[in-house]
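For the numbers below, each heavy atom of this structure counts, side chains included, while hydrogens, waters and symmetry mates do not. Labels below follow one simple rule: chain letters A, B, ... track the order of the sequence lines, proteins then strands, and each chain is numbered from 1.
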Protein chains: 2
Amino acid sequence: MIINMERTTSQKEIIFKFLEKTESHPSAEEVYAGVKKKKPRISRATVYRNLKNLKNKGRIQEIPAEVSHYDGNISSHAHFLCQKCGRIFDVFEICQGCGILRKKKVKVGEINKFKLYLYGYCRNCKRK
Amino acid sequence: MIINMERTTSQKEIIFKFLEKTESHPSAEEVYAGVKKKKPRISRATVYRNLKNLKNKGRIQEIPAEVSHYDGNISSHAHFLCQKCGRIFDVFEICQGCGILRKKKVKVGEINKFKLYLYGYCRNCKRK
DNA sequence: TCCATATTGATAATCATTCCTAATTACATT
DNA sequence: AATGTAATTAGGAATGATTATCAATATGGA
Ligand SMILES: [Mn+2]
Ligand SMILES: [Mn+2]
Ligand SMILES: [Zn+2]
Ligand SMILES: [Zn+2]
């Protein structure tokens, strides 16, 4: 028999579908509240566990902040974080070639500052 | 007499100087370990408190991740986070005009993905 | 249907960060 | 230089998000 075979569960599907169909970039707690409507007995731990797994599998992305938020849209896009209400908006006006913003004044609001994080393997970690 | 007047303390200065002279983007815990060499009786709470204050005053910047890291360099630059060793490198090859990366292949390593966060006030929060 | 094991639910544990407060310190004023 | 007072600290407790534990449950191949 095959070991370490991933199984489909209703919890997994509900969590992923919830993220897939929202654009609000919810926190883990908000995902928990949302999926409880469909599955009232779901555990908070199950939500955290699956969010982590989905992220590690690259099916969703995490937005690290004071509290992590999650995004079912893994296409290349930026995020606008409102410094007052805390909402997170998508920004798709980025160049697909170089991966970067085309114009500084985007429709979502006035940008005060930005943070750009690049991920990869440094020169030391690359060899081997 | 003047109320709410900020006072200079040795703790404050040591913490800021520690960040000013390093390029390693240390976590709060690493700052604590570092400044303890100069001031062994310093409290962990003092380090966290001052990191927060310095950040709110815009004298340092925070790099949100699983654990927050801090940067004494507040000039516009990006960060390369190694997905293996976790080290954080500066990337200064960004266009000052639009605020963004010039070439995808920077010297620090190969970029697998990026995250761009824009901060400001959304259209709702802007009025008033 | 049966069985091995992946996954869940419930709760305890962990860990980073913040809060609390009495003691200390900076500094304006004398 | 000495005093008064509010800002700040040290140390430890509290908080809150996330992770670990583990018995019970559910999935899916045989
Ligand atoms: Mn998004
Ligand atoms: Mn930096
Ligand atoms: Zn807003
Ligand atoms: Zn590395």
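Of the possible polar contacts, one joining the A:E30 side chain to the A:S27 backbone as a donor-acceptor pair under 3.5 Å is found. In this structure, the side chain of B:Q11 does not engage the main chain of B:I42 through any donor-acceptor pair within 3.5 Å.
A straight line from CD of B:E13 to C1' of C:dA26 spans 12 Å, rounded to a whole angstrom. Straight-line distance from the OH atom of B:Y32 to the C1' atom of C:dA16: 14 Å, rounded to whole Å. One atom, NZ of A:K55, and another, C1' of D:dT19, lie 13 Å apart when rounded to the nearest Å. In this structure, B:L54 places its CG atom 15 Å from P of C:dT17, rounding to the nearest Å. Between the P atom of C:dT24 and the NZ atom of B:K39 lies a distance of 14 Å, rounded to the nearest Å. Rounded to an integer number of Å, the gap from A:Y70 OH to D:dA17 C1' is 10 Å. Per the geometry, NZ belonging to B:K36 stands 16 Å off P belonging to D:dT9, to the nearest Å. C:dA16 atom P lies 17 Å from atom CD1 of B:I63, rounded to whole Å.
Residue A:Q11 places no side-chain N or O under 4.0 Å from the OP1 or OP2 atom of D:dA26. Of the side-chain N and O atoms in B:T8, one or more sit less than 4.0 angstrom from OP1 or OP2 of C:dC27.
The list of ring pair (Phe, Tyr, Trp, His ring centres under 6.0 Å) pairs with a residue in residues 19-68 of chain A, not counting sequence neighbours, reads A:H25-A:H79.
Comparing the helix axis at one end of the helix from C:dT1-D:dA30 to C:dT30-D:dA1 with that at the other, each defined from 5 consecutive pairs, gives an inter-axis angle of 40° (nearest 10°).
You'll find that the side chain of A:T9 is closest to C:dT8, out of D:dT18, C:dT17, C:dT8. Comparing D:dG29, D:dA10, C:dA16 by their nearest atom to the side chain of B:I42 picks out D:dA10. In the set C:dA10, C:dT7, D:dA17, the nucleotide with an atom closest to the side chain of A:R41 is C:dA10. Minimum atom distance to the side chain of A:K12 is reached by C:dT7, of the listed D:dT18, C:dT7, D:dT8. Here the side chain of B:R7 is nearest to one of D:dG29, D:dT9, C:dA26, namely C:dA26.
Contacts between residues 43-52 of chain B and DNA chain D, defined by a heavy-atom separation below 4.0 Å, involve B:S43, B:A45, B:T46, B:R49, B:N50, listed by number.
As judged by a 4.0 angstrom heavy-atom cut-off over every strand, B:E6 is placed among residues touching the sugar-phosphate backbone only. Within 4.0 Å (heavy atoms only), A:S27 reaches no atom of the nucleic acid at all.
You'll find the side chain of A:N124 reaches within 4.5 Å of the side chain of B:R87, heavy atoms only.
A:I60 and A:F18 fall within the same hydrophobic cluster, defined by Ile, Leu, Val, Met, Phe, Trp and Tyr side-chain heavy atoms under 4.5 Å apart, directly or through other members.
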Point to revise | CA sep, side-chain torsions, deciding dist, call: B:E62, B:S68, side-chain hydrogen bond (donor to acceptor under 3.5 Å, both in side chains) | key: CA-CA 7 Å; B:E62 186 183 5; B:S68 280; 2.5 Å; yes

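Residue B:R49 forms a side chain to side chain contact (heavy atoms under 4.5 Å, CB included) with just one option from B:V47, B:T46, B:L51, and that option is B:T46.
Legend: residues meeting side-chain contact (heavy atoms from CB on, under 4.5 Å) with B:E23, ordered by chain and number and at least two apart, are absent. Among residues two or more places apart in sequence or in another chain, the side-chain contact (heavy atoms from CB on, under 4.5 Å) test is passed with B:K57 by B:E6, B:N53, B:R59. Take A:R7 and apply the side-chain contact (heavy atoms from CB on, under 4.5 Å) test, not counting sequence neighbours, and it matches no residue.
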